[in-house]
Amino acid sequence: MMMEKAYKLLAIQEGISNNEAKELIDAGLVSVGGQRVVLARGLLKESAKFKITKLSKPTKIFEDENIIAINKPPFITSEKIAEIFKFPLLNRLDKETSGVIMLYKNEDFQKRAIREFSQNRVRKTYLAIIKGIVCENLSIDQPLSTIRTKSGAYTKIDLKNGKQAITHITPIAVEGKKSLLKVDIETGRTHQIRAHLASSGFGIIGDEKYAKSSAKRLYLHSLRSAIFDYEFFAEPDSGFFDQGFEQIDKGFLRNI
């Protein structure tokens, strides 16, 4: 069977330029057999059939004189959200993570909000689908250190020099050998949930960096954020539950 670079095969299949094909792969939007194509120059069989994920549009949850809350789809950067809605970021999500992201509209609100974040008074709830079976509540209190390189940030458990990081896990449903979890974080370290879950043996599906798991997306969603008297809920897109959790009651998620 002949092999060829992924971007070249994609360009032929879709009738697009090689550069356009590379951009789609680099954005994480291309999969083969349900597995995301990571390397544009990686070799694939010439018979490979590509599927391109269509980017969803971010939607506004709330806006007033202080803050804008957005439901961010996966595969779009936080910086792009700021560019689209024309206000600075109050918090960030990884490109692969979907859900609540907040922008501020004046510096006074930003300063007050930064104090809330620094004192861990911002309440944050996520959904995660992981490999493994979780049947009881679990809290992870493991200090984390983040190393920043040209290729991006990497966070690890660091008992000596790490900063305190606390993650609380509540199982919602189990399907086969996968679990849907509610994840509440007391602290907001870089990649905290991804690093904590992977180190506990419950890597998030689609987390190539920490769990060595390949899928068409990262199954991590920022469900709810609360700051001051504001509370924002971002409903996950239907594709989030395609790992066997399609029957989850979306109304139920508002109350967890």
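Any value given below was found using the heavy atoms of this structure, including those in side chains, with hydrogens, waters and symmetry copies removed. The structure presented is a predicted model; accordingly, all values stated were derived computationally and were not measured.
- Considering only heavy atoms from C-beta on, Leu90 stays 4.5 Å or farther from Leu103 through its side chain.
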Working for side-chain contact (heavy atoms from CB on, under 4.5 Å), residues Ser78 and Ile101:
CA-CA 8 Å; Ser78 296; Ile101 191 168; 3.3 Å; yes
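- For the residue pair His168 / Glu186, a side-chain donor-acceptor distance below 3.5 Å is found, with atom types taken as modelled.
- Between Phe62 and Phe232, the ring planes lie tilted relative to each other; the angle falls in the 30° to 60° range.
- Shown here for Val30 and Ile52, the closest heavy-atom pair between the two residues is CG2-CG1, 4.4 Å.
- Environment of NZ in Lys177: sparse, with no more than 12 heavy atoms of neighbouring residues, nucleotides or ligands closer than 6.0 Å.
- A chain of hydrophobic side-chain contacts below 4.5 Å, direct or via other Ile, Leu, Val, Met, Phe, Trp or Tyr residues, connects Leu24 to Phe50.
- In this model, a donor atom of one side chain and an acceptor atom of the other lie less than 3.5 Å apart for Thr190 and Arg148.
- Taking the side chain as every heavy atom from C-beta outward, His196 and Phe202 never approach each other to under 4.5 Å.
- Criterion: ILVMFWY side-chain heavy atoms under 4.5 Å apart, direct or through other members. Under it, Val100 and Phe117 are part of a common hydrophobic cluster.
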Show the numbers, then the answer: is there a ring-ring contact (aromatic ring centres under 6.0 Å, His included) between His221 and Tyr126?
CA-CA 5 Å; His221 177 81; Tyr126 288 73; 8.3 Å; no
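- Side-chain contact between Asp158 and Pro143 is absent, with no heavy atoms from C-beta onward closer than 4.5 Å.
- Looking only at side-chain heavy atoms (C-beta outward), Phe252 and Ile172 come within less than 4.5 Å of each other.
- Taking a cutoff of 4.0 Å between a charged side-chain nitrogen and a carboxylate oxygen, Glu83 and Lys86 do not qualify as a salt bridge.
- For Gln192 and Thr155, the side-chain atoms include no donor-acceptor pair closer than 3.5 Å.
- To the nearest 0.5 Å, atoms NZ (Lys111) and OH (Tyr104) are separated by 10.5 Å.
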Which pairs of donor and acceptor atoms, one on a side chain in residues 233-241, lie under 3.5 Å apart (sequence neighbours left out)?
unit_1 : atom_1 : unit_2 : atom_2 : d
Asp237 : OD1    : Arg217 : NH1    : 3.1
Asp237 : OD2    : Arg217 : NH1    : 3.1
Asp237 : OD2    : Gly239 : N      : 3.1
Asp237 : OD2    : Phe240 : N      : 3.4

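- In this structure, NZ on Lys156 lies 13.5 Å from CD on Gln142, to the nearest 0.5 angstrom.
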One pair to check against side-chain contact (heavy atoms from CB on, under 4.5 Å): Leu127 and Ile256. What are the steps and the verdict?
CA-CA 10 Å; Leu127 292 178; Ile256 63 172; 4.1 Å; yes
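- Atom CD1 of Ile227 and atom CG of Asn91 lie 8.5 Å apart (nearest 0.5 Å).
- The shortest heavy-atom contact between Met102 and Ser225 is CE-CB, 4.2 Å.
- Inter-residue side-chain proximity for Phe85 and Glu63 is flagged as unmet; no heavy-atom pair is nearer than 4.5 Å.
- Smallest separation of non-hydrogen atoms from Asn106 and Glu65: ND2-O, 3.2 Å.
- How far NZ of Lys124 is from OG of Ser222: 9.0 Å, rounded to the nearest 0.5 Å.
- Glu96 has its side chain out of reach of Leu220: every pair of non-hydrogen atoms, C-beta onward, lies at least 4.5 Å apart.
- Taken together through direct or relayed side-chain contacts under 4.5 Å among Ile, Leu, Val, Met, Phe, Trp and Tyr, Leu93 and Ile70 form part of one hydrophobic cluster.
- One N or O on the side chain of Ser118 and one on the backbone of Ile114 form a donor-acceptor pair closer than 3.5 Å.
- Atom CD of Glu136 has 12 or fewer neighbouring heavy atoms from other residues, nucleotides or ligands inside a 6.0 Å radius.
- Within 6.0 Å of the CD atom in Gln247, the count of heavy atoms belonging to other residues, nucleotides or ligands does not exceed 12.
- When side chains are defined from C-beta on, Ile169 does not count as touching Ser139, because their heavy atoms never get closer than 4.5 Å.
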Using a 3.5 Å cut-off and no angle test, enumerate the donor-acceptor pairs between side-chain atoms of residues 178-185 and protein atoms at least two apart in sequence or in another chain.
unit_1 : atom_1 : unit_2 : atom_2 : d
Lys178 : NZ     : Gln243 : OE1    : 2.5
Ser179 : OG     : Gly132 : O      : 2.7
Ser179 : OG     : Val134 : N      : 3.0
Asp184 : OD1    : Thr125 : OG1    : 2.5

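- Looking at Glu4, its side chain never comes within 3.5 Å of a backbone N or O of Leu43 through a donor-acceptor pair.
- Salt-bridge check for Asp64 with Lys105: failed, with every basic side-chain N at 4.0 Å or more from each acidic carboxylate O.
- Residues Ile193 and Leu144 are members of separate hydrophobic clusters, defined by side-chain heavy-atom contacts under 4.5 angstrom among Ile, Leu, Val, Met, Phe, Trp and Tyr.
- Here the side chains of Val32 and Lys49 are not in contact, with every heavy-atom distance at 4.5 Å or above.
- Residues Lys209 and Ala153 come closest through the heavy atom pair NZ-O, 2.6 Å.
- In plain terms, the two heavy atoms of Pro58 and Ile84 that are nearest each other are CG-CD1, 4.0 Å.
- In the hydrophobic clustering of this structure, Leu89 groups with Phe87; members are Ile, Leu, Val, Met, Phe, Trp, Tyr whose side-chain heavy atoms approach within less than 4.5 Å, directly or through other members.
- In this structure, Thr187 contributes its side chain and Ile166 its backbone to a donor-acceptor pair below 3.5 Å.
- In terms of modelled atom types and a separation under 3.5 Å, the side chain of Ser213 and the main chain of Gly206 share a donor-acceptor contact.
- The main-chain N or O of Ala11 is never found under 3.5 Å from a side-chain atom of Glu14 such that the two would form a donor-acceptor pair.
- With salt bridges taken as basic N to acidic carboxylate O contacts below 4.0 Å, one links Glu208 and Arg36.
- Looking only at distances, a side-chain donor or acceptor of Lys72 sits under 3.5 Å from a matching main-chain atom of Ile76.
- The closest donor-acceptor contact from the side chain of Arg224 to the backbone of Arg254 lies under 3.5 Å.
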Step-by-step side-chain contact (heavy atoms from CB on, under 4.5 Å) determination, Thr146 to Arg189:
CA-CA 8 Å; Thr146 299; Arg189 308 300 177 202; 5.6 Å; no
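- In plain terms, the two heavy atoms of Ala211 and Ile204 that are nearest each other are CB-O, 3.7 Å.
- A donor-acceptor contact closer than 3.5 angstrom is absent between the side chains of Asp207 and Tyr219.
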side-chain contact (heavy atoms from CB on, under 4.5 Å) between Asp94 and Arg194, intermediate numbers included:
CA-CA 11 Å; Asp94 295 337; Arg194 296 167 65 182; 2.8 Å; yes
